[in-house]
Structures are given as structure tokens and as C-alpha cells.
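Working notes, structure below.
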Amino acid sequence: MSLLKTQIFSCRLFSTAVANSKPKIIDGFIGAIGNTPLIRLRKLSEETGSEVLGKAEFMNPGGSVKDRAALYVVKEAEEKGLITTGGTIIEGTAGNTGIGLAHVCRAKGYDCIIYMPNTQSQEKIDLLRMLGAKVYPVPAVPFEDPNNYNHQARRHAERIPNAVWTNQFDNVANRRAHYETTGPEIWEQTNGQIDGFTCSTGTGGTFAGVTRYLKEKNPNIKSFIADPPGSVLYSYFKSGGNLIERKGSSITEGIGQGRVTENLKEEINSIDDALFISDEKSIEMLYRLLDEEGFYIGASSALNVVAAYEMAKILGPGKTIVTAICDGAYRYQTRLFSRKWLESKNLVDAIPKHLQKYIILP
């Protein structure tokens, strides 16, 4: 082949490749959910000698991993004929599932009602209302209490016609969302070369769905559950299945549990280990990631990254570890970057001195 023909052929190949790589048009908000990037965390990877990767769930259109669950619990209600046009979706949530539901409801034409603990950030409450949801902040009480926000949401749905309580904690459509989307995406993005997955649990949907999918592909993949203060899952695993009374609390929002949810129940025996992650470690990592990687993420995301970092050290160098970066810090910034709030939690000293420059609020 002549040089000119070779050049023409190469140009045609390049043009075809460019055409095929052009982003496809997606169908509305719902079409944009999922297919988030898997990002190498450079500094942590260098320190551990392993590939520490974060699934960038904050890049979902509603800003968090919960967009996936929100879509699937609504789809299930539609598939079962539990809701029709003009109906109402009702949920009890610490915030992100509610935000995802509010977006999905706007896209599908449903009303949205959210019950949430009054301990959650004002940014979340404000955003839910901006998205057209009716929000009922209620006292934070244990699940066993009839006034728990989940039970109040259920009773509200029972009182009005054409309404569904989506029951994210025990509705396994939540887990299915991650089994059918997040897990396969991670497998494909790593070309099946993954040694470990870890993340925290609130409903348990992300952890259980991803764990089930990955272990079906390769049972040798390790799965570590990450737990904050105030949650019982770490002790439940370490004790061989004894549920203790829930004590204490954490700065993280939307994660930690006092029970084994239906989403998690079938995968509880697939857990290979559990990691307890202190608030001090989470807040340090949150500030490290901002400074070293440019990631502005929430405390639960930082906890997940700490867990991935520790998992990498436990499994040893040369491994590939994946976790979920659940959401950004925008929904928590008046807390996480406030000196007064950090002092109230005795966390200022947990942030390295050279990173305290990012504490910009009084």
C-alpha cells in the first residue's frame, strides 16, 4: 500500500473511531443514571502499592449513588401496578434517596413526600423542597419506635389513595439496582481484574447488590463491610451474628444500622471481613482527598475510601480495590467545613495542621 493510501486509510479509521466514541444522546434524567466513572485515587494507590479505585457515584444526575435505588423502587411500584399517573411516592430517608426520588418523581410526573430524621443537614432539606417534595423532618428515634421516620412514611402512604411507600431499607429492588447496574459496571471497568470491594451500608442495597454480582463472577473477590460509630454491623459480623444494642453516633449521614435489613440479609454470609472506621479517620480522609485529589466529597464517601485504603493494606500490594464515592460535600458543607461544628464533635485535631486551611466557615 502506498504512503498516501496508508494515510487515507489511517484517517478513515481515526474518523470512524471518533464517530463511534461520540457520546450518545440519552433520554432525560432517568437515562443519565448510572455508568459513572471508576477513578484511580493516585496518592492512596501509590502508598499501598495497589490500585485503589473510587466509583464516582456523585456523578449521577441527582448527585449520589441513591439515584439508582430511587429509580428501581419506583420502577418496581409501576411494574406491580401499585401506582398510576398522578400518584404519590412516599419514603423515609436520611436524604439522598429522597433527593433521588424527588428527581425521578419530577421526571415521571408523581408527587413526592419525604419523612426524614431532623438530625440531617439543612442543605438536604432545602434541596428536597426545591425539587417539589413535601418534607417532614421528625425526631430521630430507633427503628423499633413506632414514630421512626420509616413507620411514619408507611402510615402516610396507607392514608391516601394511589400512594406507595417505597420502603428502601427492605425493598430488595434497591439491591437489584446494584446487582443489575453497579456491579456489572465495576466488573467491566476493571476488565474483571478486581480483588476486593468495600463500602458502608445504610439500606445495604449497594453493598449487597455489588457483592452478589462480583462474587458470582469470581468467588475469590473479597468483600469487606465498612461501619461507622453507632452502627452494629461490625460487631454483628465479628461476634458471629450477635446483635447488640445500638450506641453512639457518627458524623456520617445515611449509613450505619441497628439491624440487618432485607437488602443485606441474603448477603450477610458473603462478607469476608468488617472494618470499623472512626469519625477521626473519615474526617482526615475527607480533607486529604480535597487537598491531594481535588475531590469534594461527603463524610460517608470519605469513610468508604478509608475502608478501601485499609483493605488494600490488609490484602497486600498488587491488588485492585474498589469502593463507592457516594456523594459530594455540597450537601454537608456548613457542617464539615465549619470550625464551630468540628469543634463540637472534637474533630479539629483529627485534621492535619496543613489541611486546616480548608476550614473556611466559623
Side-chain angles (χ1 to χ4, degrees), residues 27-36 55 57 60-85 87-116 133 143 149-151 153-154 156-158 162-187 197 199-216 254-255 257 259-268 270 324 326-327:
D27 188 16
F29 177 91
I30 289 167
I33 296 174
N35 293 308
T36 56
K55 188 81 165 112
E57 291 300 286
N60 278 302
S64 88
V65 65
K66 293 298 187 177
D67 287 2
R68 298 179 190 257
L71 174 59
Y72 267 66
V73 294
V74 172
K75 280 173 57 178
E76 184 193 57
E78 293 172 331
E79 290 165 0
K80 291 183 175 179
L82 301 176
I83 191 168
T84 58
T85 303
T88 304
I89 296 293
I90 303 177
E91 183 56 282
T93 166
N96 280 334
T97 301
I99 292 165
L101 282 170
H103 279 290
V104 170
C105 285
R106 292 277 58 74
K108 286 179 168 283
Y110 300 125
D111 289 332
C112 184
I113 295 174
I114 300 297
Y115 281 80
M116 65 191 306
F143 183 80
Y149 61 100
N150 287 290
H151 303 316
R154 173 181 51 79
H156 194 135
E158 292 170 350
N162 197 15
V164 172
W165 171 49
T166 45
N167 188 18
Q168 61 163 328
F169 288 88
D170 295 309
N171 183 345
V172 295
N174 177 347
R175 181 180 67 207
R176 182 163 62 93
H178 298 285
Y179 176 80
E180 293 184 2
T181 68
T182 320
E185 288 170 27
I186 291 171
W187 181 259
F197 174 75
C199 75
S200 53
T201 70
T203 63
T206 305
F207 179 87
V210 172
T211 291
R212 173 177 288 192
Y213 182 85
L214 293 178
K215 282 186 174 284
E216 285 181 2
I255 61 172
Q257 260 300 343
R259 65 189 180 97
V260 178
T261 65
E262 288 299 320
N263 277 293
L264 187 58
K265 188 174 292 183
E266 290 184 16
E267 304 308 316
I268 202 73
S270 297
C326 312
D327 65 2

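Residue numbers run from 1 in the order of the sequence given.
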Return yes if a side-chain donor-acceptor contact under 3.5 Å exists between Glu78 and Tyr110, otherwise no. yes
Side-chain heavy atoms of His103 within contact of Asn60, under 4.5 Å: no
Between CZ on residue Phe207 and OG1 on residue Thr182, distance to nearest 0.5 Å: 13.5 Å
For Gly100 versus Ala70, what's the shortest heavy-atom pair and its separation? C-CB, 3.5 Å
Could you grab the distance from atom CD of Glu76 to atom CG of Asn171, nearest 0.5 Å is fine? 4.0 Å
Report the residues that fulfil ring-ring contact (aromatic ring centres under 6.0 Å, His included) with Tyr115, sequence neighbours left out, ordered by chain and then residue number. Tyr136, His156
Could you pull out the closest heavy-atom pair between Pro61 and Ala32, with the gap in Å? CD-O, 3.3 Å
Among residues at least two apart in sequence or on other chains, which ones pass side-chain contact (heavy atoms from CB on, under 4.5 Å) with Arg154? His151, Glu158, Trp165
So if I apply the side chain to side chain donor-acceptor pair (under 3.5 Å) rule between Tyr72 and each of Glu180, His178, Arg175, Arg176, which one comes out positive? Glu180
Looking at every non-hydrogen atom in both residues, tell me the closest pair between Asp327 and Gly63 and how far apart they are. CB-O, 3.5 Å
Minimal non-hydrogen separation, Ala208 against Leu264, with atom names: CB-CA, 4.2 Å
Does a donor on one side chain and an acceptor on the other come within less than 3.5 Å for Thr203 and Gln168? no
I'd like to check the side-chain contact (heavy atoms from CB on, under 4.5 Å) partners of Thr88; sequence neighbours left out, ordered by chain and number. Ile90, Asp111, Ile113, Ile160, Ala163
If you round to the nearest 0.5 Å, how far is CD of Glu185 from CG of Asn35? 4.5 Å
From Thr97 OG1 over to Asn174 CG, what is the distance, rounded to the nearest 0.5 angstrom? 7.0 Å
In the structure I gave you, are the side-chain heavy atoms of Asn96 and Val65 within less than 4.5 Å of one another anywhere? no
Taking it one step at a time, do Leu101 and Val73 satisfy side-chain contact (heavy atoms from CB on, under 4.5 Å)? CA-CA 9 Å; Leu101 282 170; Val73 294; 4.0 Å; yes
Carboxylate-amine/guanidinium proximity below 4.0 Å for Lys75 and Glu79: no
Is the side chain of Lys66 donor-acceptor paired with the backbone N or O of Gly98 at a distance under 3.5 Å, no angle test? no
Minimal non-hydrogen separation, Thr36 against Glu57, with atom names: OG1-OE2, 2.6 Å
Whether the side chain of Asp67 engages the backbone of Gly62 through a donor-acceptor N/O pair (distance < 3.5 Å, no angle test) should be reported. yes
Interatomic distance, CD1@Ile89 vs CD1@Ile83, rounded to 0.5 Å, equals 3.5 Å
For the CG atom of Leu82 and the OG1 atom of Thr166, what is their distance to the nearest 0.5 Å? 11.0 Å
Over all heavy atoms of both residues, which pair between Asn263 and Val172 is shortest? Give the atoms and the distance, please. OD1-CA, 3.3 Å
On the ring face of Phe143, is Arg259 found with NZ or CZ under 6.0 Å from the centre and within 45° of the axis? yes
With under 30° as parallel and over 60° as perpendicular, where do the rings of Tyr213 and Tyr179 fit, or are they tilted in between? perpendicular
